[in-house]
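Worth knowing before you read on, the calculation uses all heavy atoms, side chains too, and leaves out hydrogens, waters and symmetry mates.
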Amino acid sequence: MKFNSRRSTVLVALTLAASTALTACGGGDGGSGSGDSAETITFLPKNLGNPYFDASSTGGEDAVKAFGGTFEEVGPTNATPDAQVPFINTAAQQGVGALVISANDPTALGDALEEARDAGVKVVTFDSDVDPEYRDLFVNQATAEGIAEAQVDLVAEQIGGEGEVAILSAAANATNQNAWIEMMEEYAASEYPDIDIVETVYGDDDDQTSFDKTAALLQSHPDLKGIISPTTVGIAAAARYLSTSQYKGQVALTGLGTPNQMREYLEDGTVTAFALWNPEELGYLAAYAAHALVEGDITGEEGDTFEAGDLGEYTVGADGEVVLGEPTVFTVDNVGDFDF
């Protein structure tokens, strides 16, 4: 996979019962790391079967192949912290080089992650962080402020800057989404005082639950003007509900979605704009960050720099954070330019 440099183009306009056995999803060919657990990079998304994480794992695997390591993807079907713990424990027992995880809770995974690090496993969070004491690096898709403000600006533009808005999130304890929601509420109150965020509901990154929560929101709030869903599963499920309902074209929907999920809803007028970064690039960057830690090129200290293949050089910021780039907006005019 060939990426544009983040300095020239950021390809982002703005997301089974746990088994203790790791399931390999792919492996690198050749190179010094092949077949060596110390060079294995294990990806642990919030849950398997999520198109967003399918894309991030594709990017991660491409990166691992490029630097000659071994790639694995493991994970639960349900996006809960308890479901992720056995996979963390198994990675520690197997002594993999690095664990790249999108956390379902900022603190509940702490003990398991500490044990993994004590066993020599480098821990990189991506997409959704844990408390900094439990990991070596956090690879953030964009600044939290940028993500939050972009979503509020989008819904404000679509509803004329006033009216009732609801939020359809993923899990109630999802670190990244809770941070965004808090910032969305603060930003809306400051910049759009005529917008009233009336309720936040949680679809648990499950399609049917998110679909049902959308229906319930519209029944509970007959004057609802817009919905923000900062999760790729949620926005697609909400769009599916709206597309065949009386609310199509009446209730605005925006948030974070992938072009391939949302293309039909842009084309049929259910949705006019949404945002996201490129999840393949996010996984690619996270894998290179993990590799740099395993190789000892960086320690995760602020100011550390490392090369991330086709994405170029990155610098570690405060609290061990590496930022991919800023979110970008998808509309019917540009969605055809993207395939993920």
Side-chain angles (χ1 to χ4, degrees), residues 14-15 18 43-48 50 52-53 56-57 60 75-76 78-85 87-88 91 98-114 116-117 122-152 167-187 200-206 209-210 228-235 255-257 275-277 279 282-283 285-286 289-290 300 316-324 327:
L14 239 191
T15 226
F43 269 58
L44 174 53
K46 289 180 180 177
N47 59 318
L48 298 181
N50 182 327
Y52 172 86
F53 290 114
S56 62
S57 290
N78 299 318
T80 64
D82 288 346
Q84 288 184 307
V85 169
F87 297 100
I88 299 171
L99 180 67
V100 180
I101 177 173
S102 179
N104 280 318
D105 189 277
T107 59
L109 302 174
D111 289 345
L113 291 175
E114 283 188 331
R117 294 176 77 195
K122 300 300 183 182
V123 174
V124 175
T125 54
F126 78 109
D127 176 72
S128 184
D129 199 12
V130 294
D131 288 349
E133 64 191 280
Y134 301 131
R135 45 76 170 166
D136 297 290
L137 280 178
F138 170 44
V139 178
N140 199 351
Q141 50 269 55
T143 64
E145 293 83 0
I147 295 168
E149 292 174 9
Q151 293 177 88
V152 174
I167 297 172
L168 170 62
S169 189
N173 53 359
T175 314
N176 54 346
Q177 300 197 9
N178 287 340
W180 299 337
I181 290 168
E182 181 178 355
M183 291 178 185
M184 282 192 280
E185 292 171 340
E186 293 173 355
Y187 182 67
T200 296
V201 296
Y202 303 93
D204 295 327
D205 262 351
D206 176 78
T209 303
S210 299
I228 300 173
S229 187
T231 161
T232 59
V233 174
I235 192 174
L256 306 180
L276 195 65
W277 47 93
L282 183 65
L285 176 58
V316 178
D319 294 323
E321 181 175 343
V322 179
V323 179
L324 173 65

Shortest non-hydrogen contact between [X] and [Y], atoms and distance:
X    : Y    : value
V100 : A290 : CG2-CB, 3.9 Å
Q84  : P45  : NE2-O, 3.1 Å
D204 : A171 : OD1-CA, 3.6 Å
N176 : D127 : ND2-O, 3.0 Å
N78  : A83  : O-CB, 3.7 Å
I167 : P230 : CG2-CD, 4.0 Å

If I take atom [atom1] from residue [X] and atom [atom2] from residue [Y], how far apart are they, to the nearest 0.5 angstrom?
X    : Y    : atom1 : atom2 : value
M184 : E186 : CE    : CD    : 11.5 Å
R117 : E133 : CZ    : CD    : 9.0 Å
T175 : K46  : OG1   : NZ    : 7.5 Å
T231 : I235 : OG1   : CD1   : 9.0 Å

So, [X] side chain and [Y] main chain: donor-acceptor pair closer than 3.5 Å or not?
X    : Y    : value
S128 : S102 : no
D136 : V124 : no
S56  : G283 : no
Q177 : A170 : yes

Dump the intermediate steps for side chain to side chain contact (heavy atoms under 4.5 Å, CB included) on R135 and I101, then the final yes or no.
CA-CA 10 Å; R135 45 76 170 166; I101 177 173; over 6 Å; no
Applying side chain to side chain contact (heavy atoms under 4.5 Å, CB included), run through Y134 and L109 and close with a yes or a no.
CA-CA 8 Å; Y134 301 131; L109 302 174; over 6 Å; no
Side chain to side chain donor-acceptor pair (under 3.5 Å) against T125, all qualifying residues, sequence neighbours excluded:
D129
Can you name the side chain to side chain donor-acceptor pair (under 3.5 Å) partners of D105, sequence neighbours left out?
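Only T107, N173 meet the side chain to side chain donor-acceptor pair (under 3.5 Å) criterion with D105.
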Apply side chain to side chain contact (heavy atoms under 4.5 Å, CB included) to the pair L324 and V139, showing each step before the final yes or no.
CA-CA 7 Å; L324 173 65; V139 178; 5.5 Å; no
Walk me through it: do N47 and N104 pass the test side chain to side chain contact (heavy atoms under 4.5 Å, CB included)?
CA-CA 9 Å; N47 59 318; N104 280 318; 6.0 Å; no
Assess, by modelled atom type and distance only, whether the side chains of Y52 and D205 contain a donor and an acceptor separated by less than 3.5 Å.
no
Taking the side chain as everything from C-beta on, heavy atoms only, tell me whether L44 gets closer than 4.5 Å to P76.
yes
F126 and F43 aromatic ring geometry - parallel, tilted or perpendicular at 30°/60° bounds:
tilted
